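Worksheet: the structure to be examined is printed underneath.
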Amino acid sequence: METVETIYDVIVIGAGPGGLTAGLYASRSNLKTLMLERGLPGGQMNNTAEIENYSGFKSIMGPDLSTKMFEGAKQFGAEYAYGDVKEIIDGREFKQIVTSNKTFKTRSIIIATGAEHKKLGVPGEAEFNGRGVSYCAVCDGAFFRNKDIVVVGGGDSAVEEGVYLTQFANKVTIIHRRDALRAQKILQERSFNNDKVEFVWDTVVEEIKGDVIKTNAVHLRNVKTNETTEFPADGVFIYVGLLPNSDQFRSLGITDAEGWIETNETMETKIPGIFAIGDVRKTPLRQVATAVGDGSLAGNAVFNYVEELSENLQKEKTVSVDLPIN
């Protein structure tokens, strides 16, 4: 395991919209900044076809916004590296971040690892992942041109991505376990007004079926009547919630029972010098705009933390030197 000798002022773990903003603010404050990311810069934005609720843009493609944010984050000298973080070792003067092949040293940390799509946990889901089962309409929608697609869920992501898929699909059927959608009203209206979108209410998917090549049906159960049916489906897109990417941080004691990281108003966890932002944080709203807001707060807060830490360490060294030798 290689240990990187450079001691950073702050390392941002994750380079989604929150992490990129935190990197921008920290490096602009003249902090030596490193952004570690195990995937593409931009995070979930890369899997979003169109973003129309981020101020400053009437509408912008997710990958395009990712590129613009990444370029902005590096303009004041923030460094970027690949890193799959396995562990954080807390220390007073500096902390260590252990990745799959390197160990980094830093005075402060901003966790911006986001969240991932929750799985249904039904038979066939894992077996047909990549062979009809998907969690990313932007990534895989074009493979289902003129096909009949099922979207599972009733929130913003399910409805928005369902409408997006109509540009490829012959028909999109949104299956929701309740009798009303949870998505924003404007998204609901678009889906209701789209002739290619249909709905199956009060229903859950109990199994995803197919042949050796791909999916061809889902086994459904009505939660009110318990009636079961086989529903044809060339593709199954699943949007039933999120899980925090925080397993490697649970031993620090900074998460709640579900794994969401808890912070104060400046994004600092209960451990001084460790901050958390964006979708991995316990927050009532998970959007690009809120992640960016979190990132700006944390980027400013780490500057104050590093300054105070440096002052305190210097005072301790001064006192140590001045103490009389017996």
Side-chain angles (χ1 to χ4, degrees), residues 1-47 62-91 93-116 244-249 251-252 254 261 267-269 271 273-281 288 291-292 294-303 305-306 309:
M1 175 75 68
E2 177 188 354
T3 298
V4 177
E5 291 306 317
T6 301
I7 298 179
Y8 290 91
D9 291 316
V10 57
I11 292 180
V12 184
I13 305 173
L20 293 173
T21 303
L24 167 64
Y25 270 72
S27 58
R28 190 171 182 269
S29 297
N30 207 32
L31 297 180
K32 188 166 185 57
T33 304
L34 173 67
M35 299 179 293
L36 284 176
E37 170 60 54
R38 66 178 182 178
L40 291 174
Q44 292 289 347
M45 290 192 297
N46 289 298
N47 300 331
D64 292 340
L65 184 56
S66 297
T67 299
K68 290 180 182 296
M69 284 190 174
F70 184 50
E71 291 172 349
K74 296 188 297 180
Q75 65 180 311
F76 296 108
E79 300 174 28
Y80 175 82
Y82 171 82
D84 187 5
V85 174
K86 303 299 183 182
E87 182 185 9
I88 290 175
I89 302 172
D90 185 33
E93 186 170 356
F94 61 83
K95 306 170 193 306
Q96 296 181 71
I97 296 177
V98 181
T99 71
S100 52
N101 60 354
K102 293 181 180 179
T103 297
F104 296 87
K105 299 175 184 178
T106 180
R107 295 182 174 86
S108 63
I109 295 170
I110 299 175
I111 299 171
T113 47
E116 62 184 20
N245 291 318
S246 64
D247 286 351
Q248 64 271 55
F249 312 124
S251 62
L252 295 170
I254 59 176
I261 299 179
M267 305 298 121
E268 191 171 29
T269 68
I271 298 179
I274 298 182
F275 301 75
I277 61 175
D279 288 0
V280 75
R281 189 173 75 88
V288 173
V292 167
D294 287 359
S296 61
L297 284 168
N300 181 67
V302 293
F303 173 79
Y305 171 81
V306 171
L309 177 65

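These figures come from a predicted structure and were not determined experimentally. Position 1 is the first residue of the sequence, and the numbers go up from there.
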*Please test Ile111 against Ile277 for side-chain contact (heavy atoms from CB on, under 4.5 Å), starting from the C-alpha separation and ending with a verdict.*
CA-CA 6 Å; Ile111 299 171; Ile277 61 175; over 6 Å; no
When rounded to the nearest 0.5 angstrom, what is the spacing between [atom1] in [X] and [atom2] in [Y]?
X: Leu31; Y: Ile11; atom1: CG; atom2: CD1; answer: 12.5 Å
X: Phe249; Y: Thr269; atom1: CZ; atom2: OG1; answer: 11.0 Å
X: Ile97; Y: Gln248; atom1: CD1; atom2: CD; answer: 10.5 Å
X: Leu20; Y: Ser66; atom1: CG; atom2: OG; answer: 7.5 Å
X: Glu87; Y: Ile89; atom1: CD; atom2: CD1; answer: 4.5 Å
X: Ile274; Y: Tyr305; atom1: CD1; atom2: OH; answer: 8.5 Å

_With side-chain hydrogen bond (donor to acceptor under 3.5 Å, both in side chains) as the rule and sequence neighbours excluded, what pairs involving residues 22-33 come up?_
Lys32-Glu79
*Any pair counted as side-chain hydrogen bond (donor to acceptor under 3.5 Å, both in side chains), so long as it reaches residues 100-111, sequence neighbours left out*: Asp9-Arg107, Thr99-Asn101
Say whether, by atom type as modelled, one donor and one acceptor occur between the side chain of [X] and the main chain of [Y] under 3.5 angstrom.
X: Asp279; Y: Ala115; value: no
X: Gln75; Y: Gly72; value: yes
X: Glu268; Y: Gly273; value: yes

*What residues form a salt bridge (Lys or Arg N to Asp or Glu O under 4.0 Å) with Lys74, not counting sequence neighbours?*
none
Could you check whether any side-chain heavy atom of [X] comes within less than 4.5 Å of a side-chain heavy atom of [Y], counting everything from C-beta outward?
X: Asp90; Y: Gln96; value: no
X: Ile109; Y: Ile13; value: yes
X: Leu34; Y: Thr6; value: no
X: Met45; Y: Pro17; value: yes
X: Met69; Y: Val288; value: yes

So, for [X] and [Y], which heavy atoms are closest and what is the spacing to 0.1 Å?
X: Val280; Y: Ser246; result: CG2-CB, 4.0 Å
X: Ala78; Y: Gly23; result: CB-O, 4.0 Å
X: Tyr80; Y: Gly39; result: OH-O, 3.4 Å
X: Ala26; Y: Val10; result: CB-CG1, 3.7 Å
X: Ile110; Y: Gly299; result: CD1-N, 4.3 Å

*Give a yes or no on whether a salt bridge exists between Lys86 and Asp84, defined as a side-chain N under 4.0 angstrom from a carboxylate O.*
yes
*asked:* I'd like to know whether Phe104 forms a side-chain contact (heavy atoms from CB on, under 4.5 Å) with Leu36, so could you lay out the CA-CA distance, the side-chain angles of the two residues, the decisive distance to 0.1 Å, and finally the verdict.
replied: CA-CA 10 Å; Phe104 296 87; Leu36 284 176; 4.0 Å; yes
*Taking it one step at a time, do Phe94 and Tyr8 satisfy ring-ring contact (aromatic ring centres under 6.0 Å, His included)?*
CA-CA 9 Å; Phe94 61 83; Tyr8 290 91; over 10 Å; no
